[in-house]
Amino acid sequence: MPELPEVEVVRRGLARWVAHRTVADAAVLHPRAVRRHLAGPDDFAHRLKGHRIGTPSRRGKYLWLPLEDTGEAVLAHLGMSGQLLVQPHEAPPEKHLRVRVTFADGLDTELRFVDQRTFGGLSLHDTGPDGLPDVIAHIARDPLDPLFDDEAFHLALRRKRTTVKRALLDQSLISGVGNIYADEALWRSRLHYERPTATLTRPRTAELLGHVRDVMNEALAVGGTSFDSLYVNVNGESGYFDRSLDAYGREGLPCRRCGTPIRRRPWMNRSSYFCPTCQRAPRAS
DNA sequence: AATTTTACCTGTAGGC
DNA sequence: TGCCTACAGGTAAAAT
C-alpha cells in the first residue's frame with residue numbers, strides 16, 4: 001500500500017531522526033529482507049558498520065540513505081507492508097522485525113525494518129553521478145519531481161498500445177503511483193481504467209497529471225493513506241487520507257459526484273474501483 | 001520487441 | 001472447530 005505520499009512521509013521522518021548519524025551495527029534477522037543485496041546478509045551488515053548516513057532521497061516508491069564518503073546508498077522499498085521505524089532500544093522486538101540498525105551516538109533510538117509480507121527490502125548499491133542508486137536507473141521520475149517531463153509522458157502514452165491504468169502503474173513511465181492513487185486520479189479525471197492511452201489528447205493527459213499531483217499532495221498534507229496498521233510513519237503513526245478517498249475501497253457507496261454506487265472489478269489480480277456513470281467504459285474494450 | 005501473466009509472501013475475513 | 005478460498009498488491013522474471 002505505501003505509494004509515493006506514504007514513502008515521502010517516511011523519508012521525511014528519516015531525515016529528521018536518522019540522517020547524519022553513524023551506524024554502530026546492523027543485524028539482519030530475516031535474509032529475505034536483504035535479498036536484493038546479492039552479496040548476502042553478512043556483507044550488507046558489514047558494509048554499513050561505521051559509516052555516516054547522509055540526507056535521505058526518494059524516487060517514486062523507492063527511498064535511499066546515502067552513506068557519506070563511500071559512493072554507496074542503502075536502498076529501501078516498503079513493498080506491501082514494509083515499515084521503517086525509529087524505536088527506543090528497549091522497545092520489544094516487533095513480530096515481523098527483519099533488520100535492526102543501531103547508531104554510535106548517545107541518542108536512545110535505533111532504526112528498524114519491519115515487514116509482514118516480505119515484499120519489501122533493503123540493499124546496498126553504488127550511486128551514479130546524480131546520486132541515484134544504479135539498480136533503479138530504470139525507474140522514471142515521479143510526478144512531484146520538478147524535472148518530470150509532462151510532454152514526454154504524453155508522447156509515450158500516445159505511442160503505447162496499453163490502457164491508462166496500466167500506464168499509471170508502469171514505474172518506467174511514471175513512478176510513485178500505485179493502485180489507490182491510480183483509482184483516485186482516474187475518478188477525478190472521469191477516465192475509465194481501460195481507456196486506451198493512445199486516445200488521450202494532450203489536454204486530457206495534462207488534466208490527468210494534474211489530478212495525480214493534486215491527490216498525492218493532498219494525501220501528503222495529512223500524512224498519507226492508511227487502512228490498517230500496516231502503513232505507518234517512522235513513529236508508528238497512521239495517516240488520515242483514507243477519509244478523503246472518492247473511489248478506492250468504496251464499493252457500493254454513492255459516487256460523491258453523481259450518487260451512482262461505486263463498482264469494484266477484478267483487475268490484474270487486484271481491484272479497480274470506479275463510478276460507472278462518471279467513468280464510461282471505452283467502446284472497443 | 002512489446003505486452004501480459006505469474007510468482008513471490010503472510011495475515012485476515014468469510015463461507016460452510 | 002477447522003478447513004477452504006478470496007483478497008490485500010509492487011516488482012521483476014517468465015511467458016506470450
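In the text below, chain A, chain B and the rest are named by the order of the sequence lines, each starting its count at 1.
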Any side-chain to backbone donor/acceptor pair from A/R190 onto A/R280? Under 3.5 Å, distance only. no
Round to a whole Å and report the spacing from NE2 of A/H77 to C1' of C/dG10. 6 Å
Looking for any heavy atom pair under 4.0 Å, which part of the strands does A/Y181 touch: base, sugar-phosphate only, or nothing? nothing
When you measure from the centre of the six-membered ring of A/W64, is the NZ or CZ of A/R59 under 6.0 Å away and within 45° of the axis? no
Any side-chain N or O of A/H138 less than 4.0 Å from the OP1 or OP2 oxygen of C/dT11? no
Nearest whole Å is fine: how far is C/dT11 C1' from A/I136 CD1? 13 Å
Okay, side chain of A/D134, backbone of A/T127: is any donor-acceptor separation there less than 3.5 Å? no
Is it true that a side-chain atom of A/K61 and a backbone atom of A/V177 form a donor plus acceptor pair closer than 3.5 Å? yes
What one-letter contact string describes nucleotides 8-14 of chain B from 5' to 3', where B marks a base within less than 4.0 Å of any protein heavy atom, S marks contact via sugar-phosphate atoms alone, and - marks no contact? BBBS---
Is it the case that the side chain of A/R270 and the backbone of A/M268 share a donor-acceptor pair, with hydrogens and angles ignored and the cut-off at 3.5 Å? yes
With a 4.0 Å heavy-atom cut-off, tell me which residues in residues 155-171 of chain A come close to DNA chain B, sorted by residue number. A/K160, A/R161, A/T162, A/R166
Nearest-Å distance, CZ (A/R265) to P (C/dC7)? 13 Å
Do any N or O atoms from the side chain of A/T70 and from the backbone of A/E72 form a donor-acceptor pair under 3.5 angstrom? yes
Salt-bridge present (A/E251, A/R265; N to O < 4.0 Å): no
Roughly how many Å is it from CG in A/L38 to P in C/dA13, rounded to a whole number? 10 Å
In whole angstroms, how far is the C1' atom of C/dA12 from the CZ atom of A/R35? 10 Å
Would you mind classifying the nucleic acid contact of A/D115 as base, sugar-phosphate or nothing, using non-hydrogen atoms under 4.0 angstrom? nothing
Could you check whether A/R112 pairs with A/E94 (Lys NZ or Arg NE/NH1/NH2 to Asp/Glu carboxylate O, under 4.0 Å)? yes
Taking CG from A/L173 and C1' from B/dT3, how many angstroms apart are they, rounded to a whole number? 12 Å
Have a look at A/R36 and say if it touches a base, only the backbone sugar-phosphate, or nothing, with a 4.0 Å heavy-atom cut-off. sugar-phosphate
Between P of C/dA6 and CD of A/E251, the distance in whole Å: 16 Å
Backbone N or O of A/T201 within a donor-acceptor pair of the A/T205 side chain at under 3.5 Å? yes
Value in whole Å for how far the P atom of B/dT6 lies from CE of A/M268: 11 Å
Toward the 5' end of DNA chain C, by each residue's nearest nucleotide, A/R264 or A/G79: A/R264
